[in-house]
Novice: 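I have a structure I would like to understand better, so I am pasting it below and will then ask my questions one at a time.
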Amino acid sequence: MKRLSLLCLCALVMLHGLEGALPQSPSYGERGSDLGMQVFQQVALSKPLENVVFSPHGVASILGMLLPGAHGDTRKQILSGLRYKKNGPYKMLKKLHKTLTAKSNQDTVLIANGLFSQESFPMKESFVATNKANFQCETRSLDFSNPEKAANEINDWVNNKTKGHIPSLVKPDMLDSALTRLVSVNSIYFKGLWKSRFQPVNTKVKPFKAGDGTVHSVPMMSQLSVFNISMATAPEGLKYKVIALPYHGNTISMLIVLPSDEDTPLSRVIPHISTATVQSWTKLMHPRKVHLAIPKFTADVEVDLEAPLSALGITDMFSQTKADFRHISAESVHVSKALQKAKVEVNEDGTKAAAATAAILLARSSPPWVTVDRPFLFLIRHNPTGTVLFMGQINKPTV
Ligand SMILES: *[C@@H]1O[C@H](CO)[C@@H](O)[C@H](O)[C@H]1NC(C)=O
Ligand SMILES: *[C@@H]1O[C@H](CO)[C@@H](O)[C@H](O)[C@H]1NC(C)=O
């Protein structure tokens, strides 16, 4: 099928009722999703006429996995990007992961996290243990000196966890045979059947006006039913509709956002979307009987995360000289690539969506120099007792 710019449709898969009554301050699910939604905004606004599919939770998960390994400014930037509190995110992340992967969601939401490390790379025990405890993270060792084989093993894992929807995430040329130390991967799979299905006989080819103004013929599904709908207003008085399509089981819905005025580009609404906005919609929702027509669609997108994360202030982790992941390992590593692939399929029965997010960590191309080329002090110390046996000051070394 011809690829379309399904721009007027901004689909968000939402989990309701995670924390019971909606709290004053954002929940940890919302904090992470907010950062991910800001990344989405960056990506969508840079490609205003293309389809974009993205998992906000996938980005938050990858950063959450790297966080216990980070120190100093590298850590501060991740924490402030995620708006996590300095000391206590892990307990909340553990709870969030548990809620998302609870038995009641088991047939519909599948989340998996993996750390793939170079065989000889000495990872700190506490880093591995924290990730295992918070995210049930699996750890595997690989031999990156064979990038082809290592990429295959990671891709097999992703393919398996996304039930074949993301067959490959990492390309061999993203891995460096000498320097790759760690690849952290998050995978999310979702399958939901509409609570109220569309009848295939009612799917008719109808016009759809793309973001660039061209009109395409697309298969449009329709049904006459009661849906929760709200009219919302963005700050400059821009009006848009929000329609909730619940999935079977009632904990997950798709929310569709459509500017009310036909000529308003979607890009004018996107900057206003945050978890707080989404929460405000739920208060405005009213059940209404409508004829709903939405296109059937499939979209498949790969996003490089470095530019959008950097624009949000998360920069040091990508720098060979500034990244500080001292709690992952004594060897200096930095993120050489962070990417996400996501796919969504919407049809009469429901939705299948999958996303895989990865961060690839490399060692420095050459270890840093420490050059003693100025006057220096030395001490010769017996370490077990602390006894200083000698000390000196050297202003002009001679031999
Ligand atoms: C894929 O999943 C199946 C079933 O859970 C499992 O038996 C198999 O080992 C998995 N393969 C990989 C490569 O992880
Ligand atoms: C509308 O939302 C309310 C509150 O969340 C819910 O109880 C109700 O089932 C929804 N109705 C429909 C038709 O989805």
Side-chain angles (χ1 to χ4, degrees), residues 6 8-34 36-37 53 55-57 95-96 98-109 188 190-204 206 220-234 239-260 266 269 272-297 344-353:
L6 291 174
C8 299
L9 199 75
C10 164
L12 298 165
V13 173
M14 272 262 307
L15 286 144
H16 289 306
L18 273 185
E19 317 278 315
L22 295 170
Q24 280 302 99
S25 63
S27 71
Y28 271 77
E30 288 177 318
R31 287 174 203 259
S33 294
D34 255 329
M37 285 164 85
V53 189
S55 167
H57 185 66
K95 192 170 150 206
L96 173 67
K98 241 176 114 179
T99 312
L100 290 173
T101 53
K103 281 233 158 54
S104 56
N105 289 329
Q106 222 163 43
D107 297 332
T108 53
V109 183
I188 303 180
F190 167 73
K191 181 181 174 185
L193 296 175
W194 300 125
K195 194 173 169 194
S196 169
R197 299 214 203 160
F198 293 86
Q199 294 299 321
V201 297
N202 294 334
T203 301
K204 302 270 156 63
K206 295 219 171 122
M220 199 72 90
M221 319 185 283
S222 68
Q223 64 171 289
L224 173 65
S225 292
V226 176
F227 292 98
N228 276 326
I229 295 184
S230 78
M231 284 296 288
T233 311
K239 289 200 163 36
Y240 57 92
K241 270 192 205 66
V242 183
I243 304 142
L245 281 80
Y247 293 100
H248 201 77
N250 269 338
T251 49
I252 300 179
S253 323
M254 177 182 277
L255 301 168
I256 290 177
V257 176
L258 186 70
S260 299
L266 189 64
V269 176
H272 303 298
I273 313 283
S274 67
T275 54
T277 323
V278 174
Q279 211 183 91
S280 74
W281 299 339
T282 57
K283 294 195 187 111
L284 299 169
M285 292 267 178
H286 286 295
R288 289 208 358 225
K289 189 167 191 176
V290 292
H291 276 289
L292 176 69
I294 66 168
K296 221 167 129 157
F297 65 94
V344 63
E345 279 177 40
V346 172
N347 65 23
E348 288 88 351
D349 294 328
T351 304
K352 282 184 194 167

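One-based numbering, in listed order, for ligands and for the atoms of each. What you are looking at is a predicted structure, and each value in this text was computed from that prediction instead of being measured.
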Novice: Checking contacts now, so for atom 11 (N) of ligand 2, which I'm interested in, is there any protein heavy atom under 4.0 Å?
Specialist: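 Looking at atom 11 (N) of ligand 2, one finds that a protein heavy atom does lie closer than 4.0 Å.
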Novice: Could you tell me the residue and atom name of the protein heavy atom closest to atom 13 (C) of ligand 2, and the distance to it rounded to 0.1 Å?
Specialist: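 Minimum-distance protein heavy atom for atom 13 (C) of ligand 2 reads Val226 O, 3.4 Å.
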Novice: Taking only heavy atoms of Asn228, which atoms of ligand 2 are found under 4.0 Å from at least one of them?
Specialist: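 Matching atoms, with element in brackets: 1 (C), 2 (O), 3 (C), 8 (C), 10 (C), 11 (N), 12 (C), 14 (O).
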Novice: Is the shortest heavy-atom distance from the side chain of Val109 to the side chain of Ile252 under 4.5 Å?
Specialist: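 Answer yes - side chains close enough.
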Novice: For atom 4 (C) of ligand 2, decide whether some protein heavy-atom distance is shorter than 4.0 Å.
Specialist: no
Novice: Any protein heavy-atom neighbour for atom 7 (O) of ligand 2 (distance below 4.0 angstrom)?
Specialist: no
Novice: List the atom of Met221, the atom of Pro295, and the distance in Å for their closest heavy-atom pair.
Specialist: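 The answer is CE-O, 4.1 Å.
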Novice: Identify the two heavy atoms, one from Asn347 and one from Trp194, that lie closest to each other, and give their separation to 0.1 Å.
Specialist: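 Heavy atoms only, the tightest pair is O-NE1, 2.9 Å.
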Novice: Between Val53 and Phe297, does a side-chain contact (heavy atoms from CB on, under 4.5 Å) hold up when you go through it step by step?
Specialist: CA-CA 12 Å; Val53 189; Phe297 65 94; over 6 Å; no
Novice: Show the numbers, then the answer: is there a side-chain contact (heavy atoms from CB on, under 4.5 Å) between Tyr247 and Thr108?
Specialist: CA-CA 10 Å; Tyr247 293 100; Thr108 53; over 6 Å; no
